[in-house]
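Side-chain atoms are counted along with the backbone in the values below, which use heavy atoms only and exclude waters and symmetry mates.
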Amino acid sequence: MRTSLRIAVAQPPCRAYDVAANAAHHAAAVRAAGARVVVFPELSLTGYELDAPVVPEDDPRLAALVAACADTGTLALAGAPVRGDHIATLAVDGTGARVAYRKMFLGGAEPGRFSPGDAPAVLDVDGWRLGLAICKDTGVPEQAARTITPGVDVYVASMVDLARDAAVQDERAVRIATTHGVYVAVASCAGPTGGGFIRTAGRSAIWSPDGTVLARAGTGPGEVVGAVLG
């Protein structure tokens, strides 16, 4: 039988373009979370700067985050631009980083720089299956339907939203949870993050399959909250 899964959502402070500083903030969140999986917002390692250089999987600036994951046994899901000009989720553990998912549905000015990913992605963590999404993906029912294949337990989304749109990410999370009968974990940026996002939504949260909020952060940067699933 599989064990329960402790998952956390984090909204660390973000310094535009500074991967090393942001990786250090991610590492601090991982150490504070005490979780098997920690989810971070969209483009969390660079800030929402659409001209930021790609972050290679072997980037030495990720060393602090890799070390934190090694020390705690955590899988961190962090956001970065990657080769091929995709907005991506990096899966980081004690062995290093790899591209786990490329955003399928781009929004705003993103198509001027980035290309959409062509396939959903699901990660297996200790017998739990996590389907991945990034921001606009959550507003496209097709993405959730393709991602939440039979056996997927948790829909994991990395977000950047304006403060005035905080209710939108909640509405999407509840719709996905109740439509598909899955847990939903959303990490949403708090504080300034570039690209015109001066006041972001924060309020990262985890929902049960019936739409009940299990854990909720506030609107300030630096918060991390978690829940035990199962």
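Going from atom CG of L229 over to atom CZ of R36 covers 13.0 Å, rounded to the nearest 0.5 Å. Here CG of L43 is found 10.0 Å from SG of C189. Values are rounded to the nearest 0.5 Å. Taking CD1 from I134 and CD1 from I87, the interatomic distance works out to 7.0 Å, rounded to the nearest 0.5 Å. Summarising the geometry, atom OG1 belonging to T147 is positioned 9.0 Å from atom NE2 belonging to H180; distances are rounded to the nearest 0.5 Å. Atom-to-atom distance recorded for L90:CG and L45:CG is 6.5 Å, nearest 0.5 angstrom. In this structure, L130 CG and I7 CD1 are separated by 5.0 Å, a value rounded to the nearest 0.5 Å.
For the pair T212 (side chain) and S208 (backbone), a donor-acceptor distance under 3.5 Å is absent. Checking side-chain atoms of Q169 against main-chain N and O of G202 turns up a donor-acceptor pair under 3.5 Å. Distance alone, capped at 3.5 Å, places no donor-acceptor pair between the D165 side chain and the V168 backbone. Checked by atom type and distance alone, the side chain of K136 pairs as donor or acceptor with a backbone atom of L106 at under 3.5 Å. Checked by atom type and distance alone, the side chain of D124 never pairs as donor or acceptor with a backbone atom of R129 at under 3.5 Å. Between the side chain of T74 and the main chain of A35, a donor-acceptor pair closer than 3.5 Å is present. At distances below 3.5 Å, at least one donor-acceptor pair connects side-chain atoms of Q11 with backbone N or O atoms of G218. Proximity of a side-chain donor or acceptor of D161 to a complementary backbone N or O of A166 within less than 3.5 Å is not detected. No donor-acceptor pair closer than 3.5 Å links the side chain of R98 to the backbone N or O of A91. Under the 3.5 Å distance criterion, the side-chain polar atoms of S204 are matched with a main-chain donor or acceptor of S188.
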task: Test side chain to side chain contact (heavy atoms under 4.5 Å, CB included) on H86 and S115 and set out the steps.
output: CA-CA 5 Å; H86 296 286; S115 300; 3.9 Å; yes
task: Could you please spell out the steps behind the side chain to side chain contact (heavy atoms under 4.5 Å, CB included) verdict for V19 and T46?
output: CA-CA 6 Å; V19 174; T46 59; 4.0 Å; yes
task: Test side chain to side chain donor-acceptor pair (under 3.5 Å) on H26 and S44 and set out the steps.
output: CA-CA 9 Å; H26 283 51; S44 58; 2.8 Å; yes
task: Apply the test side chain to side chain contact (heavy atoms under 4.5 Å, CB included) to residues R146 and M104: give CA-CA distance (whole Å), side-chain angles for both, the deciding distance (0.1 Å), then the verdict.
output: CA-CA 11 Å; R146 291 178 61 189; M104 295 174 65; 3.2 Å; yes
field: Stepwise side chain to side chain contact (heavy atoms under 4.5 Å, CB included) test for L5 and V37
entry: CA-CA 8 Å; L5 178 74; V37 177; 4.2 Å; yes
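Between D85 and R113, at least one side-chain N (NZ, or NE/NH1/NH2) sits under 4.0 Å from a carboxylate O, which counts as a salt bridge. Between D170 and R175 there is no salt bridge, since none of the side-chain N atoms of the basic residue sits less than 4.0 Å from a carboxylate O of the acidic one. The existence of a salt bridge linking R172 and D137 is excluded, since no basic side-chain nitrogen approaches an acidic carboxylate oxygen closer than 4.0 Å. Salt-bridge annotation for E110 and K103: present, with a side-chain N of the basic residue lying under 4.0 Å from a carboxylate O of the acidic one.
The two residues E49 and T193 come nearest to each other via the heavy atoms OE2-O, 4.3 Å. Of all heavy-atom pairs between P209 and G181, the closest is CB-C, 3.7 Å. Nearest heavy-atom pair, A97 versus V92, reported as atom, atom and distance to 0.1 Å: CB-CG2, 3.8 Å. Nearest heavy atom pair, residue A76 against residue F40, reads CB-CE1, 3.9 Å. A10 and A187 get closest at one heavy-atom pair: O-CB, 3.7 Å. Between C135 and V160, the shortest heavy-atom distance links the atoms SG-O, 3.3 Å.
Looking at L65 and V30, their side chains come closer than 4.5 Å, going by heavy atoms from C-beta outward. Two residues are said to be in side-chain contact when any heavy atoms from C-beta on lie closer than 4.5 Å; Q143 and T138 fail this criterion.
The neighbour count for D118 CG, taken as heavy atoms of other residues, nucleotides or ligands under 6.0 Å away, does not exceed 12.
With respect to T89, the side-chain contact (heavy atoms from CB on, under 4.5 Å) criterion is satisfied by exactly one of L77, L123, V156: L77.
Under the 4.5 angstrom side-chain criterion for Ile, Leu, Val, Met, Phe, Trp and Tyr, the cluster partners of M159 are V122, I148, V152, Y155, V174, I176, V182, V184, V186, W207, V213.
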